[in-house]
There are 2 protein chains.
Amino acid sequence: MNQQQLKKTIRFANIKCATAGGKFTEKRQQVLEILLKANKPLSAYELTEQFNKVMSVPILAMSVYRILDFLESVSLVHRLKSENKFMACTHVNDGCSHQLSMFLICSKCNKVIEMSDVDDKIKALFAQVHILPSFDHPMALTLIAYSH
Amino acid sequence: MNQQQLKKTIRFANIKCATAGGKFTEKRQQVLEILLKANKPLSAYELTEQFNKVMSVPILAMSVYRILDFLESVSLVHRLKSENKFMACTHVNDGCSHQLSMFLICSKCNKVIEMSDVDDKIKALFAQVHILPSFDHPMALTLIAYSH
DNA sequence: TGTTGGATGTTATACTATATCAATTGTGCT
DNA sequence: AGCACAATTGATATAGTATAACATCCAACA
């Protein structure tokens, strides 16, 4: 992500935080910037290390976790629990509503891509699932499928 | 899972291990039995604790991890990385080939179900993905989708 | 100006997972 | 039987991930 895109994204992020009633503090911005520049998922500790490498005032992993929680709550960051990693949303400024996110992860090289045009098939599948009686909270559902 | 089903499953497991060229040792069997009886995903440490509660000779978490690795390698157990948990394959004795597994996880109550009839839509989607140039190992792919 | 709530600092600790080497067990072979 | 070899498990240490709990700081607002 180049400098211009980054600036644009930061502006969007600012608006998104304001809308959600949260503050886009300097550290939150810096954490997001690192993730955006990384262009790949980072663990909280990798992020912390990178932060302390490039920023003047240091940060603790604890704070990074809190900031990531916040950024995730406003849909600027995705948490990939299966990887223990976090990544900046690939299409922050596409006006994506984020009702449905989708990722593909290679279990050999650990490459991750976020699918921007979430397939209608998946949407239909989720709709199907919502009918199943066994789930009490159909709006907080994760689907995992893997080939091997 | 009742006693009769369990015995049947254990027989299947035995065959599966033999076919794969591995031994179905007593501890491996005991670990599998606990998972089968639990009827839900367990963490390695929960499993260890349970093991030491109901079995006469104790086990260490390290061994449990190794045994789970083995059981996963012969498709008797699934590892749910996003949950840091392991679960017995729901349809061990269905003759499932396990080229494609699929789970639904509720992020609120953490309930997990394994889909036995993996949707054709998902299969088609994976087939699509296999064409994408950005993945070097298309046969080791995980798809994650979540609604929120 | 005081105070109040959100954000961050700080320390401690729980939980998850793997590395490493030693001991044991089983299996085939002579 | 006795030996050699490989697979399994024991045992200890340590890395890596995540949260709890309390203190401090700071900005917004009455």
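Keep in mind that the numbers below use all heavy atoms, side chains included, and drop hydrogens, waters and symmetry copies. Convention: sequence-line order gives letters A, B, ...; per-chain numbering from 1.
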Notebook entry, point to check: Under 6.0 Å from the CD atom of A:Glu49, do we count more than 12 heavy atoms belonging to anything else shown?
Noted result: no

Notebook entry, point to check: Taking all atoms of both residues into account, what is the closest heavy-atom pair of B:Phe86 and B:Leu35, and its distance?
Noted result: O-CD2, 3.4 Å

Note to self: Quick check: on DNA chain D, is the nucleotide nearest B:Ile67 upstream (toward 5') of the one nearest B:Asn84, or the reverse? Name the residue that is more 5'.
What the structure shows: B:Ile67

Notebook entry, point to check: Looking only at N and O atoms, is any donor in the side chain of A:Tyr45 or the base of D:dA15 less than 3.5 Å from an acceptor on the other one?
Noted result: no

Check: Any donor-acceptor pair under 3.5 Å joining the side chain of B:Arg66 to the base of D:dG10?
Finding: yes

Interatomic distance where [atom1] belongs to [X] and [atom2] belongs to [N] [whole Å]:
{"X": "A:Met62", "N": "D:dA20", "atom1": "CE", "atom2": "P", "result": "8 Å"}
{"X": "B:Lys23", "N": "C:dG26", "atom1": "NZ", "atom2": "P", "result": "8 Å"}
{"X": "B:Lys85", "N": "D:dT17", "atom1": "NZ", "atom2": "C1'", "result": "14 Å"}
{"X": "B:Leu60", "N": "C:dC21", "atom1": "CG", "atom2": "P", "result": "18 Å"}
{"X": "A:Leu68", "N": "C:dA7", "atom1": "CG", "atom2": "P", "result": "15 Å"}
{"X": "B:Gln30", "N": "D:dT8", "atom1": "CD", "atom2": "P", "result": "16 Å"}
{"X": "A:Phe70", "N": "C:dA7", "atom1": "CZ", "atom2": "C1'", "result": "10 Å"}
{"X": "B:Tyr65", "N": "C:dA17", "atom1": "OH", "atom2": "C1'", "result": "5 Å"}

Determine: side-chain N/O of [X] to OP1/OP2 of [N], distance under 4.0 Å, yes or no.
{"X": "A:Arg79", "N": "D:dA18", "result": "yes"}
{"X": "A:Arg28", "N": "C:dA7", "result": "yes"}
{"X": "B:Lys27", "N": "D:dG10", "result": "yes"}
{"X": "B:Ser43", "N": "C:dC15", "result": "no"}
{"X": "A:Ser63", "N": "C:dG9", "result": "yes"}

